[in-house]
Amino acid sequence: MAQPGRGHYKIFLGMAAGVGKTYRMLQEGQAEKADGRDVVVGILETHGRSETAAQAEGLELIPRRQVEYRGSVLEEMDLPTIFQRAPELVLIDELAHTNAPGVEHAKRYQDIEDVLDAGVDVYSTVNVQHLESLNDRVADLCGVRVRETFPDSVLAAADEVVLVDLTPEALVQRLREGKVYPANRIPTALNSFFKIENLSALREVALRQVAEEVESKRLVTPGEALGTREEQLLGDAPPAVAEHLLALVTPDERSQRLVRRAWRSAQRLGGELDLLYVRPPGEPPRGEERQRLEELRRLGTLLGSPLVEVEGDDVVEAAASVAAEKGTTYVMIGQPSPRRGVKRFQESLADRLLQRLPGVDVRIVADRRSRD
């Protein structure tokens, strides 16, 4: 439910380009206009699809503004004009889009937040592979690393998420008929991202994501889950205990995968996630390590999970201290490297954590690339 004074947010989610997200958004926009509402199109990406362009006929389109960047002129959504126009509903395509430097925000989903805060309803579109927490999963399934992502919190905060579904076979047929990409791009698409097995996997991910969103909105609050309302009023209901996850990260390229998996686990458990890096004493990160830590910090910020940095020569003792402070119930670590030499006879990190943190679950996140 939208907050008082804030616009209603509906997102049309699909598994891939061409399933009909924008068409569906325009269709509902037309229906709202027919009911007498003031509707405008903030920005529309037809990608040359005549069916989509035809569906927009009769809707007022806000002209794009031109932005100069490094000698080129780029076109972006005109956010100030939308505010001046002040419609009841604005249709904004492709929420994961990265804006040209020099406009109000770096990403279009941030523009949408401003519009919603102004009390204007927004309909928007996105493909499931742009979700930040699914970045590694999509790369594993399809062999393609999606560069434009958006925080999962955007989808979670939407008042409605509408799945625009199409079978992989039907989407491939649309692609062959030239209804998705121009003719010169079809052969490459069919042999890469638009393989039936890729689309089937993405469809399953999209279906599961929407199911999880529905379930998270259906669930009662933790207080209501324990005891009846009468018991709560009488003060007899036991206090709710939320799960609290702690992911141990290092300046390693595999840690981003660990963070995303840990975040999705936290969402399924209805818990919170903290990230912990234990820095060796007297060894400030430099060069590549420093860059990777900064990337982890940005990822944590994007997902709403802060990176905690502490100095210590014993990872387990440092983790135990932070876990006690945070009330940690789960600890997640990455897959350890094979132990060689005398290290084979030493206790593993997982074993030491289990001994030092009784009652706390310890989970190892596998590195899927090691299967290859």
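Throughout, numbering of the chain's residues begins at 1 and tracks the sequence.
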Charged N-O contact under 4.0 Å between Arg279 and Glu309
yes

Stepwise, does the side-chain contact (heavy atoms from CB on, under 4.5 Å) test hold for Tyr109 with His97?
CA-CA 8 Å; Tyr109 70 79; His97 170 79; over 6 Å; no

Taking only residues two or more places apart in sequence or in another chain, which ones pass salt bridge (charged side-chain N to carboxylate O under 4.0 Å, His left out) with Lys10?
Glu28, Glu160

Could you see if Val322 belongs to whatever hydrophobic cluster contains Leu353? Use Ile, Leu, Val, Met, Phe, Trp, Tyr and a side-chain cutoff under 4.5 Å.
yes

Nearest heavy-atom approach of Leu89 to Val122 is CD1-N, 4.0 Å

side-chain contact (heavy atoms from CB on, under 4.5 Å) for Thr329 and Val360? Distances and angles first, verdict last.
CA-CA 5 Å; Thr329 55; Val360 175; 5.8 Å; no

Members besides Leu307 in its Ile/Leu/Val/Met/Phe/Trp/Tyr cluster (side-chain heavy atoms under 4.5 Å):
Leu245, Val249, Leu258, Val259, Trp263, Leu269, Leu273, Leu275, Tyr277, Leu293, Leu296, Leu299, Leu303, Tyr330, Met332, Val365

By side-chain hydrogen bond (donor to acceptor under 3.5 Å, both in side chains), Glu45 pairs with (sequence neighbours left out) Arg64

Sole residue of Val126, Thr98, Asn127 in side-chain contact (heavy atoms from CB on, under 4.5 Å) with Glu148:
Thr98

Taking only residues two or more places apart in sequence, or in another chain, which ones meet Arg352 in a side chain to side chain contact (heavy atoms under 4.5 Å, CB included)?
Asp314, Val316, Glu347

With Glu288, which residues qualify under salt bridge (charged side-chain N to carboxylate O under 4.0 Å, His left out), at least two apart?
Arg292

To check you understand the geometry: which heavy-atom pair defines the closest contact between Gly29 and Leu91, and what is its length?
CA-CD1, 4.1 Å

Residues 168-184 vs salt bridge (Lys or Arg N to Asp or Glu O under 4.0 Å), sequence neighbours excluded, gives Glu51-Arg174, Glu51-Lys179, Glu177-Lys179

Spacing of CG belonging to Leu349 relative to CD1 belonging to Ile333, to within rounding of 0.5 Å:
4.5 Å

Hey, any chance Leu202 and Val210 share a hydrophobic cluster, counting ILVMFWY side chains that come within less than 4.5 Å of each other, even indirectly?
yes

To the nearest 0.5 Å, what is the distance between CG on Leu95 and CD on Gln110?
11.5 Å

For residues 84-95, pull every pair meeting side-chain hydrogen bond (donor to acceptor under 3.5 Å, both in side chains), keeping only residues two or more places apart or in separate chains.
Thr22-Asp93, Asp38-Arg85, His47-Glu94, Glu60-Arg85, Asp93-Thr125

Measuring from Gln209:CD to Leu163:CG, what's the distance to the nearest 0.5 Å?
10.5 Å

Taking only Lys NZ, Arg NE, NH1 and NH2, and the carboxylate oxygens of Asp or Glu, determine whether Arg6 and Asp121 approach each other closer than 4.0 Å.
no

Tell me the closest heavy-atom pair linking Ala56 and Gln30, and the distance in Å.
C-NE2, 3.9 Å

Does one side chain, of Arg264 or Ser133, offer a donor that lies under 3.5 Å from an acceptor on the other?
yes

Would you please test Leu13 and Lys21 for side-chain contact (heavy atoms from CB on, under 4.5 Å) and show each step?
CA-CA 7 Å; Leu13 180 74; Lys21 302 178 302 297; 5.9 Å; no

On a heavy-atom basis, which atom in Leu199 and which in Ala16 lie closest, and how many Å separate them?
CD2-CB, 4.0 Å

Mind checking whether Val331 and Leu248 have side chains closer than 4.5 Å, heavy atoms only?
yes

For Asp165 and Arg203, which heavy atoms make the closest approach, and how far apart are they?
OD2-NH2, 2.8 Å

Between CZ on residue Arg260 and CG on residue Asp136, distance to nearest 0.5 Å:
4.5 Å

Quick one: do the Asn135 and His130 side chains pair a donor with an acceptor below 3.5 Å?
no

Asp252 side chain to Ser255 side chain, donor-acceptor N/O pair below 3.5 angstrom
no

By side-chain hydrogen bond (donor to acceptor under 3.5 Å, both in side chains) - contacts of Thr52 (at least two apart):
none

Apply side-chain contact (heavy atoms from CB on, under 4.5 Å) to residues Val73 and Val67 and explain how you reach the verdict.
CA-CA 5 Å; Val73 177; Val67 180; over 6 Å; no

Quick one: does Glu76's side chain have a donor or acceptor within less than 3.5 Å of a partner on Ala100's backbone?
yes

Holding to ring-ring contact (aromatic ring centres under 6.0 Å, His included), I want the full list of residues that pass it with Tyr181, two or more places apart in sequence or in another chain.
Phe194

Side chain to side chain contact (heavy atoms under 4.5 Å, CB included) involving Val144 - partner list, sequence neighbours excluded
Phe193

In the structure I gave you, are the side-chain heavy atoms of Leu61 and Val40 within less than 4.5 Å of one another anywhere?
no

So the side-chain hydrogen bond (donor to acceptor under 3.5 Å, both in side chains) pairs with at least one residue in residues 182-199 (sequence neighbours excluded) are none

Does any pair with a residue in residues 316-336 pass salt bridge (Lys or Arg N to Asp or Glu O under 4.0 Å), and if so which ones, sequence neighbours excluded?
Glu317-Arg356

I'd like to know if the side chain of His105 pairs up with that of Glu113 as donor and acceptor (distance under 3.5 Å, no hydrogens or angles considered).
no

For residues Ala262 and Ala247, report the shortest heavy-atom separation together with the two atoms involved.
CB-CB, 4.0 Å

